[in-house]
Amino acid sequence: MELDKKIQILTQGAKYDVSCSSSGVERRGKKGQLGSAAESGICHSFTPDGRCISLLKILMSNNCDYNCAYCINRQSNDVPRATFTPEELVNLTMDFYRRNYIEGLFLSSAVCNNPDHTMERMVAVVRLLRKREGFNGYIHLKGIPGASEELLAQAGQYADRMSMNLELPTKKSLKLLAPQKSTQQITAPMHYLRDKIEESKALRQQFTKAPNFVPAGQTTQMMIGATNDSDYNIMTVSEGMYNAYQMKRVYYSAYIPVVQNNSLLPTTVHAPLLREHRLYQTDWLLRFYGFKTSEILDEAHPNLDLEMDPKCYWALNHLKFFPVEVNRAHISLLLRVPGIGPTSAQRIVKGRRYGKLDYDALKKMGVVLKRAKYFILCDGKFYGGKNTTQAKIRHQLVIEDPVMKKLNPDQLHMSSLFPEVFSSESLYLR
Amino acid sequence: MKVYIYDDTFKGYLTAIFKWFENKDFEDDVCRASLYGGNLINRPIDVFTDEACAARVVKGVLEKLGYEWLDMIHAVFLSELPEADMLGARAMRLGFKYGKSILNDERHEVIQPFLKVARAVKRETHSFLGFVRFSKLDSGIYYASCHPTYNILVLLAPHFADRMGDQSWVIHDTGRGIAAFYNQSDWHINTLNLSEPLLYAEDEMALRNNWRGYFEAVTISERVNLKLQQQKIPKKYWKYFTEDIGVLNQNTIE
């Protein structure tokens, strides 16, 4: 088979993996060798779907023995099959890297024969890259559930980041859609990687030359919308991932129904991309804003309000904390104000030492005032006009929501068009 | 009112700043030769680059204000905006007067535009670390052309010298007619105007096709959002890409 064809098949099989980040490790280049890694990561291109290309995201093979209902590479699906030789992959990576197309390699694979065999072949590729070619660029390696610990240990020496996909948020869903995988098979390697990463970190504090092990940490991904798990379930799982496994990221991938005859999967999903977006926003709240899942969602309110971002949703339900005076409030409280992010909160705290901050000063600092103005006082003044009740503020926030503005009408919910008819509480998906 | 005119180099700029501080008349202007228009009120003074003066300014900035400041002053200088020279000078004066943390006063009439320009230059530099596209030439040298808004070649070159340490490369700023050259040990910047078309290596076209194929295949057609793509890659950069930005290929839509 021609290389072009292989690239096409094995990329299409890999593209639903969300992660493409190349961040988390800073490595200078070595004399006479190729490659370095930048702490912040570098985006090299953006595809027509608006996602960044940072790594060469590709499968070793799509010849799968598993039959996970949601996956395009499942055994029973009629798609062309291909497999790379290690040599082909190594050359492709090096050639693309030399032209600055990519930041490194993100290698994944379908399960051929058994997990160990698959993992072995993947490790062979990264070993060739690191040892023979002296490649210092970024490598993200997908862990295959069920692969042995020895292989994970080898992989970890070469990879900057590794990831095991959680696939679905709950045990029950996994059993239903991916019967050949088990939760234990997925979490055991996560456990192992976490312990090894910590061990290597501790060692490196004592000996600077101690070998690195997955220095950019591990990530995971789950699919949402294919099963009826609530946002509360999903975010609780994510929070657990961050706390228990020190995940760098949890990725969410919206299930978009495509024509197929599988009674296990839903044929219509309401606003899948919007829901995915809101989950990411919640994820950010957990990681950068000091929120806990239980503050935003609970058993009684298990789903997010799709019409506004979760921070606005939280603020609206906690109006008793607002408005806050920007010239005095503690940074943790500033971070809770919709429209103020970590950067602008820092700027406010530093900037107010030089004098009182007014409305214009906040604007210059990058605060999104069209959201923030209902929740703050600038030197004692309120700029939200007459919008002081929950219902009125909600109406304004939905109108101003950057995502809602762009949506096509069929994703809009009636309550934003007729706010007075609907109560301000989130009716959505209850 | 005097205007200190220097030769468009960063060292020249620092020398001019030195004279500006020395004279203590802060109504005076500092301006690079290429931007100087001249009028009836101004008295132009030509400043000749003096390594010692420049070094003293650098030392002063590093000791009193720290590396972050020097970095920003350099970035603002590279923006080549008409107001850049005075922004840097005024910000530096404020820094010397009030201490380095004056940078936190984001609404200050000088600090605010100073930070804005510095951030814009750094943002563009970061984008170009990813957007530069090399092509392999017949001679084995990797060549890239680009036209950044700001004069950021000096900021790009160290990154690529570190990363592509084992290959010779040229990054050509076609808009300014200058290029960064790297010979596997050091880089330097010089003028470059191509008179003949480039000869590419044999496998270059095949690799470009591989890359285009990859680019098409990795797109998820259910999620197409060209507006978002354009937001991430401004149109002015498009023609320097190997892959086709801003269009949907037939294979993607199918």
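First the proteins, then the strands, lettered A, B, ... as listed; each starts at 1.
- Ranked by heavy-atom pairs under 4.5 Å with chain A, the list L228(B), L207(B), I245(B) is led by L207(B).
- For a residue to count as touching a neighbouring chain, one of its non-hydrogen atoms must lie under 4.5 Å from one of that chain's; by this rule Y98(B) does not touch chain A.
- Of the possible donor and acceptor atoms, one in the side chain of R133(B) sits under 3.5 Å from a partner among the backbone N and O of N100(A).
- Closest approach of S40(A) to H126(B), counting heavy atoms only: OG-CE1, 3.4 Å.
- H44(A) contributes atom NE2, which lies 11.5 Å from atom OG of S127(B) (distance to the nearest 0.5 angstrom).
- Once rounded to the nearest 0.5 Å, the distance linking CG of L129(B) with SG of C43(A) reads 11.0 Å.
- The greatest number of non-hydrogen atom pairs below 4.5 Å with chain A, out of N210(B), V132(B), N209(B), L103(B), is found for N210(B).
- Interface remark: I102(B) contributes backbone and side-chain atoms alike to the contact with chain A (heavy atom separation under 4.5 Å).
- Remark: D95(A) CG to E204(B) CD distance equals 9.0 Å, nearest 0.5 Å.
- Counting heavy atoms from C-beta on, the side chains of R223(B) and E276(A) come closer than 4.5 Å.
- In terms of heavy-atom proximity, A361(A) sits nearest to R107(B) at CB-CD, 3.7 Å.
- Both the backbone and the side chain of L34(A) come within contact range of chain B, judged by heavy atoms closer than 4.5 Å.
- Here Q112(B) is the residue among Q112(B), K136(B), H159(B) with the most heavy-atom pairs under 4.5 Å with chain A.
- Side-chain N/O atoms of S45(A) and E243(B) include a donor and acceptor closer than 3.5 Å.
- In terms of heavy-atom proximity, T219(B) sits nearest to P48(A) at OG1-CD, 3.4 Å.
- Annotation: maximal heavy-atom pairing with chain A below 4.5 Å, among Y142(B), F241(B), Y214(B), occurs at Y214(B).
- If you tally non-hydrogen atom pairs under 4.5 Å between each of L226(B), T242(B), D105(B) and chain A, the highest count goes to D105(B).
- Within the 4.5 Å cutoff, no side-chain heavy atoms of Q229(B) are placed close to those of D49(A).
- In this structure, chain B has heavy atoms under 4.5 Å from both the backbone and the side chain of L56(A).
- Among all heavy-atom pairs drawn from F215(B) and F46(A), the shortest one is CZ-O, 3.5 Å.
- With a 4.5 angstrom heavy-atom cutoff, R212(B) does not touch chain A via any of its atoms.
- For N104(B) (side chain) and K350(A) (main-chain N/O), no donor-acceptor pair under 3.5 Å exists by modelled atom type.
- Here the side chains of R98(A) and W169(B) are not in contact, with every heavy-atom distance at 4.5 Å or above.
- Of the residues considered (L10(A), I9(A), I42(A)), I42(A) shows the highest number of contacts with chain B, using heavy-atom pairs under 4.5 Å.
- Looking only at distances, no side-chain donor or acceptor of R163(B) sits under 3.5 Å from a matching main-chain atom of G35(A).
- Residue with the most contacts toward chain B among Q33(A), R27(A), M365(A): Q33(A) (heavy-atom pairs, distance under 4.5 Å).
- Between the CZ atom of R28(A) and the CG atom of D162(B) there is a distance of 4.5 Å, given to the nearest 0.5 Å.
- For Q184(B), the part lying near chain A is the backbone, with the side chain staying farther off; criterion is any non-hydrogen pair under 4.5 Å.
- Using modelled atom types, one finds a donor on one side chain and an acceptor on the other under 3.5 Å when comparing Y354(A) with S101(B).
- For A37(A), the part sitting under 4.5 Å from any heavy atom of chain B is the backbone (N, CA, C, O) and nothing else.
- By number of non-hydrogen pairs under 4.5 angstrom with chain B, the leading residue of Q346(A), K31(A), K364(A), R352(A) is K364(A).
- In terms of non-hydrogen atom pairs under 4.5 Å with chain B, the most contact-rich of S36(A), S54(A), G29(A) is S36(A).
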